[in-house]
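Report on the following structure.
We name chains A, B, ... by the order of the sequence lines, and we start the count at 1 in each one.
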Number of protein chains: 2
Amino acid sequence: MDTIELKIRPPHIQVEETLSELIEQLEPGTQLPPEPKLAQQLGVSRATLREVMRTFVERGVLARRHGVGTFVASRIPVLETGLEVLESLDRMADRLGVVTEVSALEVLERLATPSEVLGLGYPEDAQVEVLIVNRVITVEGEPVADLRDIVPLGYLCKEDLGADFHGSVLDILLRRGTPMLSTSRTQIVAELANPKFAERLQIQKGSALLKLVAKLYSYDEKVVDYSVSYFVPGHFKFHVMRRVSQV
Amino acid sequence: MDTIELKIRPPHIQVEETLSELIEQLEPGTQLPPEPKLAQQLGVSRATLREVMRTFVERGVLARRHGVGTFVASRIPVLETGLEVLESLDRMADRLGVVTEVSALEVLERLATPSEVLGLGYPEDAQVEVLIVNRVITVEGEPVADLRDIVPLGYLCKEDLGADFHGSVLDILLRRGTPMLSTSRTQIVAELANPKFAERLQIQKGSALLKLVAKLYSYDEKVVDYSVSYFVPGHFKFHVMRRVSQV
DNA sequence: ATAATGTCAGTTGTCTGACATGTCAACAGG
DNA sequence: CCTGTTGACATGTCAGACAACTGACATTAT
């Protein structure tokens, strides 16, 4: 075949986007059009629409009532920093209208330490070359987060971080497209700031920090990025929507 | 009609249960049977099965690859708890084979303080009578969490907490069935233990605590339970599955 | 009058069978 | 050895139908 194949976005991705925009425009509590009608408007089958809607219900964005209708939930987690969707700090700040800057940037390639090897899911005795990206994110000169990414060299190397690096390793991986990313498993811990962090983040030694340890998985279940982030309290508020188990 | 109508569990609920059990029994990375076959085994249509599977994919429990198959994602360590599903500490501990006990139980009815009124979503100047339930959860005599629930008296009163109260207000609300609960919006903060908590939880003053502030919503979007929980580090590990935004 | 019951339109929930598309391995031909 | 083709098999999507539920209103029985 000589004709140029243009990659079409799969229907369910497109519907997710469109529906998300639609919901944001609607007042909380508004009833959505009936499924058959909405499916027609979006140009997909009802089955596809329903599958997408289910993920929105799961996230608490929509509420469905059998025999009655589908409604926009009265909260708007989309505008806030919900943890269900993995988003770079950079994009998150952008969405919130905040300007972030990178400071104390440190990029190096070396062998992974034992704990890093473990975090990346390799066997204990594996020798893994990794890219380390350390930096402090500041807002108006004030440090708000300390980020550290560990990525095996196969996925990313020093040269991939251009001069325009704005703090997000995730965004680089996403823009590149390979490997395909699926989910991140993020562990949540409260930790005291040790002297080193206290200095980097310009806070008192012994302050409480929120620590997020994330393993970013590709579709074939490999760990692409192992990252450890510390957040200074008060600048970002994290939340998560939890659905009530119907069992 | 004199015959007793027995409430049949809706298919998608039943499938969710069965599928959940099935997945737990399988090794991570195992491929599931093809959808048509699995649907037949579970006694539902493929469409219904797919809708349920999508929620599992959303939660990162399953990974689907177009044209290849569906796989069980990397196993979540047993000691940890995903935050996507709201579950009482009680049930959680039960699931992990840990015996919890309630101590320092304090139950009272009074008017809500301004911050509580706010948390419950009432107008600023509202006078709301609430039930307050304070307690410390211990495992083998060691305090692991400090919980405080604030529930408007319309939903729950002192008498509803029987002598067999085992620490979970959520379980009581669930067992009762009304109001129907939908989701909880939980804020995540790191905080230092003040002297009062340090004593209650038998930890050093100035330790870092993980604080979860949760608003539990009913289907009609009212706040049913406003709760504040403090967790001692090391006993429970919380995590959340974050899906990569395809946008 | 009042309470219980029946009816009906509208919506979500489920089912069936089919086709479209992506993936991978086996295989044939260079 | 390499390469392109083919086919089996998986998920993704579709169309149309029917079932179950809700809420409002009319009807009937008490």
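- Near DNA chain D, defined here as any heavy-atom distance below 4.0 Å, the residues from residues 40-49 of chain B are B:Arg46, listed numerically.
- The distance from atom CD of A:Glu35 to atom P of C:dT11 is 10 Å, rounded to the nearest whole Å.
- The side-chain contact (heavy atoms from CB on, under 4.5 Å) check on B:Gln41 picks up B:Lys37, B:Leu38, with sequence neighbours excluded.
- Contact between B:Val52 and B:Glu16 at its shortest, heavy atoms only, is CG1-CA, 3.9 Å.
- Between B:Ile13 atom CD1 and C:dG13 atom C1' there is a gap of 12 Å when expressed in whole angstrom units.
- Considering only residues two or more places apart in sequence or on other chains, B:Val57 meets the side-chain contact (heavy atoms from CB on, under 4.5 Å) condition with B:Leu62, B:Arg64.
- With sequence neighbours excluded, the residues satisfying salt bridge (Lys or Arg N to Asp or Glu O under 4.0 Å) with A:Arg148 are A:Glu116.
- A:Asp149 meets the salt bridge (Lys or Arg N to Asp or Glu O under 4.0 Å) test with A:Arg135; sequence neighbours excluded.
- Under the rule for a side-chain contact (heavy atoms from CB on, under 4.5 Å), A:Gln40 has no partner lying at least two apart in sequence or in another chain.
- Nearest-nucleotide assignment on DNA chain D puts the 5′-proximal partner with B:Arg64, out of A:Gly67 and B:Arg64.
- First and last contacting nucleotides of DNA chain D toward chain B (any atom under 4.0 angstrom from a heavy atom, 5' to 3' order): D:dA10 to D:dT13.
- Taking atom CD of residue B:Glu51 and atom P of nucleotide C:dT12, one finds them 12 Å apart after rounding to whole Å.
- Under the side-chain contact (heavy atoms from CB on, under 4.5 Å) criterion, A:Leu153 pairs with A:Glu109, A:Glu129, A:Leu131, A:Cys157, not counting sequence neighbours.
- Between B:Arg50 and the phosphate of C:dT14, there is no side-chain N or O to OP1/OP2 separation shorter than 4.0 Å.
- The ring-ring contact (aromatic ring centres under 6.0 Å, His included) test applied to B:Tyr226 returns no partner, not counting sequence neighbours.
- When the side-chain nitrogen and oxygen atoms of B:His66 are compared with OP1 and OP2 of C:dT23, none of them lie within a distance under 4.0 Å.
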